[in-house]
Amino acid sequence: GSLVLCAISTAIGFYAFVPTDYSGVAELGLIAGTGMFISLVCTLTLLPALLSLGRRKAEGPGSVRVSRLMLPRFPELHPKGVIAAAVLLALVALATVPRLRFDASPLSVRDPGVESVQALRDLLADSTTSPWGIEVLAPDLEGAQEMARRLDALPTVSSTRTLLDFVPVDQQRKLEVLTEISFFMGFPPEGSERPAPSEAEVRQTLGRLRERSDLVARTHPDPELAAASLELGLALEAIGREPDRTGARLERLAAALLPPMTSSIRRLERALSPEPVGLEGIPPSLRGRFESRNGQLRVQAFPKADLDDSGALEVFVAEVNQVSSGALGGAVRIVESKRHITKALRQALAGAVVAIAALLWLLWRRLPDMLLVMTPLLLAALFTCAFSVLADVPLNYADVIVLPLLLGIGVDSGIHLVHRWRLGATDLLGTSTARAVLWSALTTVASFGTLGLSSHRGMGSLGQLLTAGVAITLLCNLVLLPALLAARGKRDRSVREAS
């Protein structure tokens, strides 16, 4: 019966996410919650069969080793002091809750040492290349310019970009400057090149070049340039060393030097002779990225701040949304994802509390006993939130399941302890139930602790929060709950004596 109850309560922690819109954890909750019942079936069928195979023929009093670990009885001996300390710590934890935050950046669950993550962080830090910009649609060109002007006025916007930004401004003055440069360059017209020099003219020119290189090699103070000039002189000398091969060598030299030079000169000439550019001159592939087929135009807004900062990301999106409610883009998607995920967390947490309370009510139909179990659970959830703040481990896309899952896992221990107390246990922390709660929680801590060693930051933070949360829940169940039960036992005795 205890195992069935444990399976149901733990499954509640997982199933609480099934009704939410966060499909990732909804599917996780469905799989893991169902896995609790599959594990229960295996525990109630296969495990007893395996145990029966190794059953001893003769079982005496000393045939089974039972742990005799004794837990300190301080909570039962001094319940008022424990309860007062718990109230004080709860007030301190409540003061930290407003600083609990959800890190909406997808990079928060990535390994920061990976080159791709480092490159994306560099892009986010640069306002001109941020991939998490915001995009707004305008009905026409004038509307796009007006929208860009309004976005530029926002303090969080670094710059905007529209289709008109690809049309150069002040073109007449720039064309005049380029015309002057072209004139002084003295480009020969197409087809008016001089005839190729004769072999004798080439030999004469190379001879003068060799003399100049020898002079530089002897007199220049830079040793590297002098060495290069000497190497050039030796290469020029080698060209004419065998007269019968000089012509072929000169042809190879000309083929290596002249065509690339001629091509570069022509490209420079074309660059210095541009035509005025208008919207019709923008390439279709580029224009199609900023103008739709029905004439709508795209306006891009880039942030001033580093959008790897979750707070700066939200402020950026909020300000742009004040100008245009139809904003799109990477920044908007991330902020909207955060809103839906935090909504799913609140929904799952409320669902888990209600479902666990309903389970306890069906189990005992007594409100005081139900509150005795729920109080340490809710306090443990509060302390886990405080741990997240103090340890600077913000919630992310992976560890939003922590709080509902802690309720489902932790309620088992509270049920067993309260049930043992209701059976008349006067030394609750000295019973086998308390020891079973301790060993069960420690195995759970160990299993979740392995997640904390994961290189995946999302899984790592999930493991850290779950490890801390289960340990805190264990302390609340083994310290606060026995104190509450002891205080209630004393009150009940006082009431009976008075009556």
Side-chain angles (χ1 to χ4, degrees), residues 21-22 96-110 112 116-169 286 289-292 296-346 388-389 392-397 400 457-458 461:
D21 294 331
Y22 189 8
T96 66
V97 168
R99 291 158 46 196
L100 181 68
R101 62 189 180 90
F102 179 87
D103 191 354
S105 173
L107 297 182
S108 62
V109 297
R110 304 288 183 177
S116 58
V117 175
Q118 295 174 355
L120 185 54
R121 290 189 187 278
D122 292 340
L123 291 175
L124 291 173
D126 188 348
S127 61
T128 60
T129 59
S130 177
W132 291 352
I134 292 182
E135 300 162 0
V136 180
L137 291 180
D140 50 33
L141 196 58
E142 293 182 0
Q145 291 302 102
E146 173 62 20
M147 180 61 68
R149 184 189 63 78
R150 295 171 61 189
L151 292 175
D152 275 323
L154 298 176
T156 57
V157 174
S158 171
S159 61
T160 58
R161 182 182 298 161
T162 66
L163 186 63
L164 278 179
D165 288 320
F166 295 97
V167 178
V169 297
L286 178 58
R289 296 173 59 185
F290 284 84
E291 184 178 17
S292 66
Q296 287 186 309
L297 286 113
R298 169 189 180 194
V299 181
Q300 288 182 305
F302 297 97
K304 283 184 179 179
D306 181 359
L307 291 193
D308 196 21
D309 180 357
S310 183
L313 180 70
E314 292 183 32
V315 174
F316 176 52
V317 173
E319 289 195 354
V320 174
N321 277 331
Q322 292 178 356
V323 175
S324 174
S325 59
L328 304 170
V332 178
R333 287 195 299 271
I334 293 172
V335 171
E336 287 299 308
S337 297
K338 174 184 177 180
R339 184 174 66 85
H340 283 284
I341 291 172
T342 52
K343 177 184 175 183
L345 172 60
R346 291 193 295 267
S388 173
V389 174
D392 194 23
V393 183
L395 299 179
N396 54 46
Y397 293 98
V400 293
R457 292 186 66 183
S461 64

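FYI, side chains are in, hydrogens and waters are out, and symmetry mates aren't considered; it's all heavy atoms of this structure.
- Of all heavy-atom pairs between Val299 and Leu151, the closest is CG1-CD1, 4.0 Å.
- Between the CG atom of Leu297 and the CD atom of Gln145 there is a distance of 9.0 Å, given to the nearest 0.5 Å.
- Using modelled atom types, no side-chain atom of Thr156 and backbone atom of Pro303 make a donor-acceptor pair closer than 3.5 Å.
- Note that the CZ atom of Arg346 and the CD1 atom of Ile341 stand 12.0 Å from one another [nearest 0.5 Å].
- Using a 4.5 Å heavy-atom cutoff, the side chains of Leu395 and Leu345 are in contact.
- The OG atom of Ser158 lies 9.0 Å from the CZ atom of Phe302; values are rounded to the nearest 0.5 Å.
- When all heavy atoms are compared, the tightest approach of Phe316 to Ala301 is CZ-O, 3.8 Å.
- Atom CG of Leu141 and atom CD of Gln296 lie 13.5 Å apart (nearest 0.5 Å).
- Between Gln300 and Phe290 the shortest side-chain heavy-atom distance falls below 4.5 Å.
- You'll find the side chain of Val320 reaches within 4.5 Å of the side chain of Leu154, heavy atoms only.
- If you take CE on Met147 and OG1 on Thr160, they are separated by 11.0 Å, rounding to the nearest 0.5 Å.
- The shortest side-chain heavy-atom distance between Phe166 and Arg161 falls under the 4.5 Å cut-off.
- For the residue pair Ala138 and Gly143, the shortest heavy atom distance occurs at CB-C, 3.6 Å.
- The two residues Arg298 and Glu135 have their closest heavy-atom pair at NH2-OE2, 2.8 Å.
- A donor-acceptor pair is defined here as one N or O able to donate and one able to accept, closer than 3.5 Å; no such pair exists between the side chain of Ser324 and the backbone of Asn321.
- At a threshold of 4.0 Å, the pair Glu146-Arg149 counts as salt-bridged, since one of the basic side-chain nitrogens sits closer than that to a carboxylate oxygen.
- Counting only heavy atoms from C-beta outward, the side chains of Arg101 and Asp392 approach each other to under 4.5 Å.
- Rounding to the nearest 0.5 Å gives a distance of 11.5 Å between OG of Ser388 and CZ of Phe102.
- Here the shortest heavy-atom pairing between Ala327 and Val332 reads O-CG1, 3.7 Å.
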